[in-house]
Amino acid sequence: MTAGKLRRLRRGSQGLGLLLGLFGFTGIGMTHLIFPGLHCYACPLAVTVCPIGLLQNLIINGTVPLYLFGAVAAYGLVLGRGFCGWFCPFGTLNDLLSFRKARFFNALSPLKFMVLLGTVVAAWRFADTMFCKLCPAGGLEASLPYFGLGVAKLNTPFLVHMGTLGAVLVGMVLVSRFWCRYLCPMGALFSLFNRLSLFGLRLKAGKCAGCGVCARACPMGLKPHRQINNTDCIKCGECVGACAAGALEIGFFLPGKEGRVPVRALGVGARPHRVPADQ
Amino acid sequence: MGMRIAVVLVLGALAVVAGAQEFSLSPVEPEEVGDWSRVSRPFRLHPIKPLSADYQGPEFSTYLWGELALGRARYLLMLGISSTSAGLFVDQDRDRTLVTEELVSGGRGEGFYLWQAELTTEPAGGEPYPYRLRFLWPEGRGYVFLLGGAPRKGEFPSPAGRRTFVLVDADIDGTFGTEDDFFVVDTFLDDGGLYGGEGGHERFSREETFTIGDRSFRVTQVAPDGSSVTVEETEYVPPKLPLIPGHPAPNFSFREFTTGEELSLADFRGQVVLLDFWASWCNPCMEKLPSVLELYRRYHDQGFEIIGISLDVWEEDLRRTLEEHQIPWPQAFDGGGVEAEIADLYRVYAIPALFLLDREGNIRALDPGDEELDRLVAELLAEAPAPPPEEPEEVELELPELVPPAEPILELSPPARIGLLPGEESEVTVTLENTSQHLAEEVSLQLVDLPPGVTASSLELEELPGFSSRSLTLTLAAAPDLSPAEYEAKLMLSYHYCIGESCFKFTEEYPLVLAVGEAPAEVATPWNPWWLLVLLGAGLALAWLAWGRGASALSLVLLAVALLSLASGVYLGQARQAQLIGAVLCTSCVGIEEARHDQPHISPATQAALAGLSQPVELIIFSTPWCHACPYAKAMLVEFSRANPLIRFQEVNAEEELELARRHGVYRGGRLVVPAIFHPPSGRTVFGVEDLEARLLDLILGD
């Protein structure tokens, strides 16, 4: 599949994500569906439930989240973080504002796990949806529309939302996929399934020349030929289109298929099996 | 007329025959007799102006009102508060109109205002008399403390000689001889003064008998204006013993809490003993503990002993505290709390209370400070084994403790009857609800007075936030040989809460019947396959080790587990729950506005506007259980309906009454918004809590 075709396909899929996120324009009310991404259920046009918002409410209510985690795990095992790259509207916003493909501190990427842990602990300890009060997606999708509708006012919580939204937007402009890389708790949840998801990248090791072009194309700052299907990989396929040698492919494969995970051979560190050293 | 005089003469003669003596009393300054004669009581003020009251004076930002009764005289009070000062107005001419001239003189201290006024009381059946009253307002509070008592002093001509007699109007109601009033008689001449403080041996309640020498007396009549009292001799009762330095400490026996050994105070004769009245729930006692432990460590080997008298209610509390802090000295505990027998004997009404005894068992000091205690213990240990009793130490008299009024805030709904089969366990689930905005702390629940052979678990919650509820389960077990019968037991609830610096502890009992032999009511345990989530977690952890086909297989197995978990969730109604959570916009939950947990107050202007309302107003408030802003909105409605009872409201759980909410248009942008207050006549709704007072007023009066 050519790079252009793959990108068009992804843009179409991201459009579908946005359509599902805003499906309330049809007049359909809130459904039982869990949104496979970060999308505020308080958005006036939302018809699906935000997994992170729901998670906090279930913790506060003391409910064992069978439905939520069942849905998230099912999503994760099928697409993994593919949802971040192909579906999530907030991810799409990240893409639209990504003017730089800076690698920028990949060491900070575990921060999102801290955000997820903090969200859970705060909900349990303070019996409050603390993350929602800081969530930039909530600021964009709920605070701003409700400000327009006259429900929200120019008060401290509104300004906090605008502050986090503004900061994250600036981050998105400066660092590609800033939110998805460093802070998104939903991304953190999906990343746990990346290794086992059916959708993913595959490296045809014999074809890889170790040129590193795929790394330059990766919006998450990864080296796909070395870190294939890494927990941070959003499976956007940019690397697939960039690889002139056709060493990478994207699609649905069994997770155990060759080329799905980097093979660590003794003595060569993290270098995948049969992939030459970087040129 | 002649007949009336004859009756009075006959009654007088009978009184003399019976040994009754009337003597007169006259006003006295509290400073002359003791600070205990200056009593206090909290007096609530309300933001609602009493009917027919008027105020013509300077403007304030807040007005608090009250009506004080002194006998039959009723005085209107108004506390005006502005950002920089406060003033108290008392309607001294009783014309229901407060004017600038009725501003009471006073001054401002650190954190309080103090005003003084001379009013007139009109006791029923007595002559009007002047009543000096002081008003202490702790800044920011909704009440003032009345300081008064109008002490009256006289000489009681007892057979043992004339004794000072002081009568105090302790409830500050302007009438002497009413229920909470007390009197003080100098029963012991050699104690160096009048001991009228709380727990003082010369202080007696209105009905109490007092003893001078070998004869006992009681007050039979008190003139409502305090001008005289009548005392008659009665059957001998032992005198109240002085619990002051220089006098012997009353002996008592107790079972040592840890070892079960039977001990008495007399067993410690020859040692310097500190009687420490304390409790694990008493913060000042616990703060004092390290210094007492240090004192014990330093002097125990030299003949110093401490006897702890615990006013705890529950054994577990005491046991845990003793273990936690490694308290080595003997403890007396009878579970009576503040009504413990030894506390009663020593007339201890507030803790911590310390009595330091010398080697002879005489009281040598009361409540000494840390440094003084250290010095005194060292001195007493150095004394010869049988020292003569010293002159009583100067006891500093203190103002009575000022305590604002408090009410219980937790409501419990226990079952009246619990079925219990011998040899089996039974569970009792109760719901505990905090009906206030205050945080309930150290909440504990325990079954007490259980019959032998029945044991029960107890429960403790660190805190229960305002306007929240919690479901709690206690487990009971009956011994196999317990004979079937009905037993009476109690569920005991204990907690405390604080308003500002004042904290209040409550212990409440709920009676219930234990029906042994009767099957317990079935409690269905809902099916909950939580282990599916454990499987998912374990699978994800395993994924880091899985390889090749193993990884593929693991992925497919986990996908099946995920779908199973999803299906279980749907079966348990969690999909519906998710939909409901998504369908309701809790304005404070998603950070659209700030959740408020304070008590709403409405301004005088709003009160005045509401007072003018003459038609009933019915409102509906839509809320959900997890809405953080809803309790505040509800409390605001309560304030509105207090200001004008014509305003009534109904609370609707928007989750349960989705259709009703839909019909009433509690929607914005296709989503149910809570809290929402709906006004049926106009069809208008206010959402959230931001600036709620003004918006609600506009909603009610808008059209």
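Numbers restart at 1 for each chain; the letters A, B, ... are given by sequence-line order, proteins then strands. What you see is a predicted model; the values in this text were computed from it and never measured.
Neither the backbone nor the side chain of B:Leu564 comes within less than 4.5 Å of any heavy atom of chain A. Neither the backbone nor the side chain of A:Thr164 comes within less than 4.5 Å of any heavy atom in chain B. A:Val64 touches chain B through backbone and side chain together, each having a heavy atom under 4.5 Å away. A:Pro65 touches chain B through backbone and side chain together, each having a heavy atom under 4.5 Å away.
The two atoms that bring A:Ala74 and B:Leu563 nearest to each other are CB-CD2, 4.2 Å, heavy atoms only. Listed here is the closest heavy atom pair of A:Leu198 and B:Ser555: CD2-OG, 4.0 Å. The shortest non-hydrogen separation linking B:Ser568 to A:Leu66 is CB-CD1, 4.2 Å. Here the shortest heavy-atom pairing between A:Lys257 and B:Ser552 reads N-OG, 4.3 Å.
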Practice item. List the steps, then state whether side-chain contact (heavy atoms from CB on, under 4.5 Å) holds for A:Leu68 with B:Leu566. Key: CA-CA 7 Å; A:Leu68 170 66; B:Leu566 185 72; over 6 Å; no
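Inspection of the B:Gln577 and A:Thr63 side chains reveals an N or O donor paired with an N or O acceptor under 3.5 Å.
Interatomic distance, CG of B:Leu556 versus CG of A:Leu254, reported as 6.0 Å (0.5 Å rounding). For the atom pair OH of A:Tyr67 and CG of B:Leu572, the computed distance is 12.5 Å after rounding to the nearest 0.5 Å. Here the CH2-CZ distance, from B:Trp530 to A:Phe69, works out to 15.0 Å after rounding to the nearest 0.5 Å. From B:Leu558, atom CG reaches atom OG of A:Ser197 across 12.0 Å, with rounding to the nearest 0.5 Å. Remark: A:Ile34 CD1 to B:Gln579 CD distance equals 11.0 Å, nearest 0.5 Å. The line from CG of B:Leu536 to CG of A:Leu77 is 7.5 Å long, rounded to the nearest 0.5 Å.
Within the 3.5 Å criterion, the main-chain N or O of B:Ala543 finds a donor-acceptor partner in the side chain of A:Arg195.
Heavy-atom contacts from other residues, nucleotides or ligands closer than 6.0 Å to OH of B:Tyr571 number 12 or fewer.
Contact tally against chain A (heavy-atom pairs below 4.5 Å) for B:Gly569, B:Ala560, B:Ser565: the top residue is B:Ser565. Looking only at heavy-atom pairs under 4.5 Å with chain B, the residue among A:Leu192, A:Val160, A:Thr31 that has the most is A:Thr31.
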